[in-house]
Amino acid sequence: MINIILFGPPGSGKGTQSIKIAEKYGLVHISTGDIFRREIREKSDLGIKVRSFIEKGELVPDELLIDILKAAMVKHHDPKGFVFDGFPRTITQASDLDKLMEEMGLKITLVLVLDVNEDEIIGRLLKRAELEGRSDDNEDVIKNRLKVYRDETEPLIRFYEEKKLSEIVDGIGGIDNIFNNLCEVIDRY
Ligand code: ADP
């Protein structure tokens, strides 16, 4: 099995690239952001709970995450592996994931870190706001998401560096170029 975490700031292209990776390697793509947006659309209990966090650009509380992730994983029979997109986002989530993987007899193969500078990211997110109208893509919320990323999520790069699992990949350029760079790294594992 290969289990990949795709890691990077909001707007780094995690979503796009993880779908492509999942397709090419036959893996199951799990995006916590997509799960939350679906729940919000369906106005489920979970959706109602998480909506205000997401609209402010805050993180959904850690204790909600691991059960959701587990539920998304166990739905699949005999998967070839997973691509995690948008999870983990805090050290707590990363330790919870370690425990869950151990419980399931699985291992994280690789953490791909998409490297994109802040100016590029703000530009991309504002453009996405125009195109898709995602309610968390306006300027104030974008700034908050970036701050939350720096404060809570970025420290995970070190966490995975220490475990010798992380690989930094240039996230600037065309979608296919970046995808090729990612595949080159994956193919080494
Ligand atoms: P992006 O990375 O582009 O901001 P996502 O779709 O990954 O977009 O996430 C959108 C929002 O969903 C986040 O800003 C956050 O509020 C919430 N979210 C997604 N995944 C997590 C997570 N693992 N922990 C906490 N909140 C999350």
Side-chain angles (χ1 to χ4, degrees), residues 2-40 50 53-54 57-60 62 65-66 68-69 72-73 81-91 93-94 96-97 108-129 131-132 134-137 141-161 165-186 189:
I2 27 178
N3 299 304
I4 296 173
I5 295 174
L6 201 57
F7 190 91
S12 58
K14 292 186 303 278
T16 308
Q17 298 294 342
S18 32
I19 291 169
K20 288 172 77 73
I21 292 172
E23 235 169 53
K24 170 162 179 176
Y25 295 93
L27 309 175
V28 176
H29 171 225
I30 297 184
S31 156
T32 45
D34 286 351
I35 293 174
F36 289 142
R37 280 185 287 277
R38 180 174 352 109
E39 297 287 329
I40 291 172
V50 302
F53 295 103
I54 292 180
E58 302 290 337
L59 293 182
V60 169
D62 285 336
L65 264 298
I66 196 75
I68 290 166
L69 190 85
M73 288 173 77
F82 295 95
V83 185
F84 300 114
D85 161 13
F87 181 93
R89 256 178 158 94
T90 64
I91 296 279
Q93 291 179 20
D96 288 348
L97 178 63
I108 295 163
T109 315
L110 173 63
V111 179
L112 291 164
V113 180
L114 278 171
D115 185 23
V116 184
N117 63 59
E118 197 143 305
D119 286 346
E120 168 82 15
I121 279 172
I122 294 174
R124 285 188 194 176
L125 289 172
L126 288 173
K127 199 161 140 205
R128 186 166 82 186
L131 295 174
E132 294 176 22
R134 240 175 72 168
S135 64
D136 59 349
D137 274 348
V141 175
I142 287 172
K143 285 201 180 121
N144 196 36
R145 278 158 61 205
L146 285 174
K147 182 180 181 324
V148 169
Y149 174 76
R150 277 194 303 268
D151 293 349
E152 310 212 31
T153 308
E154 215 165 40
L156 282 178
I157 298 179
R158 266 218 72 77
F159 178 92
Y160 285 116
E161 242 168 40
L165 286 174
S166 64
E167 295 268 3
I168 296 178
V169 177
D170 189 0
I172 304 260
I175 290 176
D176 290 332
N177 253 329
I178 299 168
F179 181 58
N180 286 338
N181 296 341
L182 291 166
C183 292
E184 245 169 54
V185 179
I186 297 170
Y189 279 77

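Excluded from the calculations below are hydrogen atoms, water molecules and symmetry mates; all remaining heavy atoms, backbone and side chain alike, are included.
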Query - Within-4.5 Å side-chain heavy-atom neighbours: Leu27 and Ile2 - result: yes
Query raised in the report: Looking only at heavy atoms, which two atoms of Pro9 and Ile121 are closest? And how far apart?
Result: CG-CD1, 3.1 Å
Report task. Report the C-alpha distance between Val50 and Glu39 in whole Å, list the side-chain angles of each, state the deciding distance to 0.1 Å, and finish with yes or no for side chain to side chain contact (heavy atoms under 4.5 Å, CB included). Result -> CA-CA 9 Å; Val50 302; Glu39 297 287 329; 5.5 Å; no
Query raised in the report: Is there side-chain contact between Ile5 and Pro88, with at least one heavy-atom pair below 4.5 Å?
Result: yes
Query raised in the report: For the residue pair Asp85 and Gly15, what are the closest heavy atoms and their distance?
Result: OD2-CA, 3.3 Å
Query raised in the report: Has the side chain of Glu152 got a donor or acceptor atom that lies under 3.5 Å from a matching backbone atom of Val148?
Result: no
Query raised in the report: About how many Å separate CG of Asp136 and CG of Asn144, when rounded to the nearest 0.5 Å?
Result: 10.5 Å
Query raised in the report: Which heavy-atom pair separates Phe159 from Ala94 by the least distance, and what is that distance?
Result: CE2-CB, 3.7 Å
Query raised in the report: Got Leu65 and Phe36 here, is their nearest side-chain heavy-atom distance under 4.5 Å?
Result: yes
Requested in this report: Kindly indicate, with the supporting measurements, whether the criterion salt bridge (Lys or Arg N to Asp or Glu O under 4.0 Å) is fulfilled by Glu161 and Arg158.
Outcome: CA-CA 5 Å; Glu161 242 168 40; Arg158 266 218 72 77; 3.5 Å; yes
Query raised in the report: Which heavy atom in Ser18 sits nearest to a heavy atom in Val83, and how many Å separate them?
Result: CB-CG1, 3.4 Å
Query raised in the report: So, does Asn3 use its side chain to make a donor-acceptor pair with the main chain of Thr109 at under 3.5 Å?
Result: no
Query - Within-4.5 Å side-chain heavy-atom neighbours: Met73 and Val28 - result: no
Query raised in the report: How about Gln17 and Phe179: do any of their side-chain heavy atoms sit closer than 4.5 Å?
Result: yes
Query raised in the report: Rounded to the nearest 0.5 Å, how far does CG of Leu114 lie from CD1 of Ile172?
Result: 10.0 Å
Query raised in the report: What's the spacing between Ile21 CD1 and Leu112 CG if we round to 0.5 Å?
Result: 5.5 Å
Query raised in the report: Say you draw a straight line from OH of Tyr160 to CG of Leu156; how long is it, rounded to the nearest 0.5 Å?
Result: 6.0 Å
Requested in this report: Could you tell me whether the side chain of Val116 reaches within less than 4.5 Å of the side chain of Arg124, counting heavy atoms only?
Outcome: yes
Query - side chain to side chain contact (heavy atoms under 4.5 Å, CB included) partner of Phe87, chosen from Ile66, Ile68, Ile35 - result: Ile66
Requested in this report: Supply the atom-to-atom distance Asn181 CG to Ile186 CD1, rounded to the nearest 0.5 angstrom.
Outcome: 11.0 Å
Query raised in the report: With respect to Ile178, which candidate in Asp176, Ile175, Asn180, Leu182 satisfies the side chain to side chain contact (heavy atoms under 4.5 Å, CB included) definition?
Result: Leu182
**Report entry** Spacing of Glu58 atom CD and Lys147 atom NZ [to the nearest 0.5 Å]
**Finding:** 9.0 Å
Query - Steps toward side chain to side chain contact (heavy atoms under 4.5 Å, CB included) verdict (His29, Asp34) - result: CA-CA 10 Å; His29 171 225; Asp34 286 351; 4.1 Å; yes
Query raised in the report: Can you find a pair of side-chain heavy atoms, one from Cys183 and one from Tyr25, that are under 4.5 Å apart?
Result: yes
Report task. Taking Ser166 for its side chain and Val111 for its backbone only, find out whether a donor-acceptor pair lies under 3.5 Å. Result -> no
